[in-house]
Structure formats: structure tokens, C-alpha cells
Protein chains: 2
Amino acid sequence: MPPSKRAARKPSRPYHHGNLRRALLDEALTTIRDDGVDQLTLREIGARVGVSRTALYRHFADKGALLTAVGTEGFRALREQLVAAWESGGRGEDAFRSMGVAYVRFAVANPAHYRVMFGGFVAMHVDDPELITEGHGAFHALVDAIASLQRDGFMRDDDTALMAQHVWALVHGVAMLAIDGKLPKPDGVEALMRYAFERLVTGIATVPRGS
Amino acid sequence: MPPSKRAARKPSRPYHHGNLRRALLDEALTTIRDDGVDQLTLREIGARVGVSRTALYRHFADKGALLTAVGTEGFRALREQLVAAWESGGRGEDAFRSMGVAYVRFAVANPAHYRVMFGGFVAMHVDDPELITEGHGAFHALVDAIASLQRDGFMRDDDTALMAQHVWALVHGVAMLAIDGKLPKPDGVEALMRYAFERLVTGIATVPRGS
DNA sequence: ACCTGAACACCGTTCAAGT
DNA sequence: ACCTGAACACCGTTCAAGT
């Protein structure tokens, strides 16, 4: 085979990637979504992107760093969807419920990605500052909404962070049960969301709603 | 080296294990507890038990089957602790809270084991009948307690399974946040448990308790 | 700076062979 | 039946070398 045209076209950028980091990350996300996280091999991503097995180490210290970046992107996307649900829902009690639905939907729509974020893979660098920042960001979307509902008198005047942890635990639990397939098909997720969020709101609202 | 005495002692059982399956499983549990699940290699367990690398395949079809057995044992242990908490707590509202505490404590005491049970490792055989049976068993401890509280008029007369899923989601969520280290040290877990179970009971009790 | 191929030390699993 | 060593096809990571 003769050398390809593209190799000769731009000598100042001799290799074929302007943004290899981005390409590798996208490929990793695709692989995780389609095949699951344990099908993710550095060699395969390299091959798919059209690059040597070791080129990845120019952009990520190791496999853990790549997974950390994947998790970071996940928290960013999750926060965006939570904020969107809160704002487009009118920032009231209904919007709060919409946030919960958005949270669970994110996990159900991206189960493997969600698992990387919360799966506790030892390979992941849990102390990475960017990961922590984005994780806090997603949590803060919840804190902000609760604080707003407290200000408007809809929710109990308990410690906001504690309330947010309580809510987070519930939506996280529902999400995990859903993606683990532990809920009855086909409507188990929807049914549990409706029930759980109703009982949640009853538990933390200012005025207890009866039945 | 001359052949050891033990080799000659009992020709009818020529090798050195009466219950290799049990020994392998125990070694796997120890490794998972001490070093985490991704340090678990079949070769290493074999070596630790004093057996060839491939002897394991006589008792487990593959690594996934071993992990499945580990998960199964976990669900059995969890159920035992839930039932113990419920019964020794007097089968009332306090006992219900004790079950929640017992659940979270199990996860916190055995984080790696708990993660195998719920981590969604693709390697695990999620369709294994024993795993499913034990998983259902643990869940049923919750269902039974709730049904009892409903009978005694303490809890709302909603669908018992749905209520149990709601409770399960919350304790599971609290447990996951705890073992992921996402709660403030050193008392974040205890504080959240107190708050979350209080609000949970308020949400699902017959008579709404005020503040 | 960025990328490469070869090499190293692993891993799960298979298989023919021993007792 | 149960166990063994050798072999196979992988994997993450390192490293000297190329442009």
C-alpha cells in the first residue's frame, strides 16, 4: 500500500487527531453504553479510534483516569437534567417531583454510565478534584431546590443538607433497584416513582397531607 | 522431598480437601472483604487454598458463578440480620427502625460484599435461581414486617409490595451513599439514618406525626 | 509533543493427562 | 470423580524508538 493522501496533506499536524482525548472519551462512553463497563478495554478503544494501544496514555494516566473522566461527564449531564427539570417545571412542588423523575430516568436511560458513577470501581480515582466538583454540583441542584421550597414554606425547616441526603438516598435507591431489574415489569419503575415521591413529599412537607 | 504422610493415609480420598467448594467460597469472601472485588483472581484463591489454578472449575462453572455464590451468601446473611432485628426489637415501629439500621450497618460492615450483591457486575449470573431465591428472601423480611405493621394499624393500607420497595429503595440508597463515602464524617451515616427513618415513618404511617 | 511496536507480567479458561 | 501442568488468547502498562 502506498502512503495515504492524508498523511502528506498537513505536515504540521502529522497524526490524524486534533482532539484525541475527546475522541477516546466519546468512544469509551459509547462502549460502556452499548456493551457495559467490563467490556471496556484500552486496546479496543484505541483500535476503534484508529490509534495505537498506548496513545491513550498521553491523555489519561491509566484506565482509572479514563473511568474517572467518564464519571465526571456523567455527573455533569445529570446535573444539567436535574436543573432543567426544576426550572422548566416551575420551581414548585411539581418541579421537585419532576426532578426525581428526571434523576431516575437518567439512570434508567444510561444504566452502565450511572453504575460507573456510583459503582465504586476501585480502579476509579475517587479523590479526583474534577469528579468531586461535578458530584457536588449534581447534589447541589437538589440542595438548591429544597432550599427554595423551604423559603416558600412548602417544606419543613430541617437541616437542608440532611434533607437533600434523604431525598438523594431515595432517588438513588429507586434508580439502583430499577437498573438492577429488581422491580416488576413493565411498569414497576413508574409505579414505584409515583408512590415513593408521594410518600417522600408527605414525609418532608410542612403540612402533612393525609391519604 | 518424600511423599507426605497424609497422602498415604487415606487412599480413598487421595487429595487434601473434604469440602473444597466451601473453602474456595470462604477464601473468596475473605479476599473480597480485605482487598476488594477487583483483587479477586481465581489463581490467587486457588493458591491460598492450596490447590491448582483450575481445581476451582470442578465446583464453579466460571468466575461469575463464584461471584454469584458470594452474592447468594450475602443475601442470606442480610436476611438473617434483618429478621433478628425485627424479632428482637419487638415487631413494632421501633423494630421496624431497627431493621433499617441493621440493613445499613450490614452494608457498612461489609461494603465490598454488599457491592457484589448490588454492583451489577456483568460477570455475575443474575438469573441464578439460588441468587434470586435468597434475594427474594431478604426482601420478604421487609414485606413481612410491613404487613405486620399494617395489620396492627400502624401503617397505611397501601399495596404492601410497593411500600416494601419504597422502604428498600431508601435503605439501599442510604447504604450506598454511606459506603461510597458521600456522607460527612464521622457521624454522617448515623445522622442520616435517624433523620431518614423518622421522615420515612412519617410518610407511610397511618397517622401523620407532626414535627 | 505526540505517537508507535515490542515486550512484560498478569488474567480467565481449556484441555489432555494423571490418580 | 477430582485434580494437575501446559497452553491459549487475552489484558493493562512500560519503554526505547521514531517523527
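Below, all heavy atoms of this structure are taken into account, side chains as well, without hydrogens, waters or symmetry copies. Chain naming here is simple, since letters A, B, ... match the order of the sequence lines and numbering starts at 1 in each.
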* Asked: How many Å lie between CZ on Arg43(A) and P on dC8(C), as a whole number?
  -> 14 Å

* Gln81(B) atom CD, neighbour heavy-atom count above 12 within 6.0 Å -> yes

* To do: Examine the side chains of His166(A) and Asp158(A) and answer whether a donor and an acceptor come within less than 3.5 Å of each other.
  => no

* Taking atom CD of Gln150(B) as the centre, does the number of heavy atoms from other residues, nucleotides or ligands within less than 6.0 Å exceed 12? -> yes

* Passes salt bridge (Lys or Arg N to Asp or Glu O under 4.0 Å), Glu80(A) versus Arg76(A)? Steps please. -> CA-CA 6 Å; Glu80(A) 283 167 9; Arg76(A) 180 156 36 226; 5.4 Å; no

* Pair Glu87(B) + Arg91(B), salt bridge at N-O below 4.0 Å -> yes

* Might you confirm whether atom CZ of Arg21(A) has over 12 heavy atoms from other residues, nucleotides or ligands at distances under 6.0 Å? => no

* Asked: To the nearest Å, how far apart are Gln39(B) CD and dC11(D) P?
  -> 19 Å

* To do: Output the single nucleotide from dA6(D), dT13(D), dC3(C) whose closest atom is nearest the side chain of Thr54(B).
  => dA6(D)

* Asked: With no hydrogens and no angle check, do the side chains of Thr30(B) and Arg48(B) hold a donor and an acceptor under 3.5 Å apart?
  -> no

* Between atom CD1 in Ile45(B) and atom C1' in dG12(C), what is the gap in whole Å? -> 12 Å

* Taking only the side-chain nitrogens and oxygens of His59(B), find out if one of them lies under 4.0 Å from OP1 or OP2 of dC2(D). => no

* Asked: Base, sugar-phosphate, or nothing for Leu56(A), non-hydrogen atoms under 4.0 angstrom?
  -> nothing

* To do: Mind calculating the distance between OH (Tyr57(B)) and C1' (dA7(D)) to the nearest angstrom?
  => 14 Å

* **Glu44(A) CD - dC10(D) P separation (whole Å)** => 11 Å

* Grab the CG-P distance between Leu66(A) and dT13(D) for me, whole Å please. => 10 Å

* To do: Check the distance between dG12(D)'s C1' and Arg53(A)'s CZ and give it to me in whole angstrom.
  => 11 Å

* Structure fact -> Ordered by number, residues from residues 27-38 of chain B within less than 4.0 Å of DNA chain C (heavy atoms) are none

* Residue pair Tyr103(B) / Val108(B), side-chain heavy-atom distance below 4.5 Å -> no

* At under 4.0 Å, does any side-chain N or O of Thr41(B) touch on OP1 or OP2 of dC11(C)? -> yes

* Asked: Leu42(A) CG to dC10(D) C1': how many Å, rounded?
  -> 13 Å

* With salt bridge (Lys or Arg N to Asp or Glu O under 4.0 Å) as the test, would you mind laying out the steps for Arg22(A) and Glu73(A) before giving the verdict? => CA-CA 11 Å; Arg22(A) 187 67 251 167; Glu73(A) 296 249 315; 3.1 Å; yes

* Structure fact -> Stems for DNA chain C (at least 3 consecutive Watson-Crick or G-U pairs, under 3.5 Å) come to C:4-8 with D:12-16, C:12-16 with D:4-8

* Nearest-nucleotide wise, let me know which of Lys63(B) and Arg58(B) is further upstream toward the 5' end of DNA chain C. => Lys63(B)

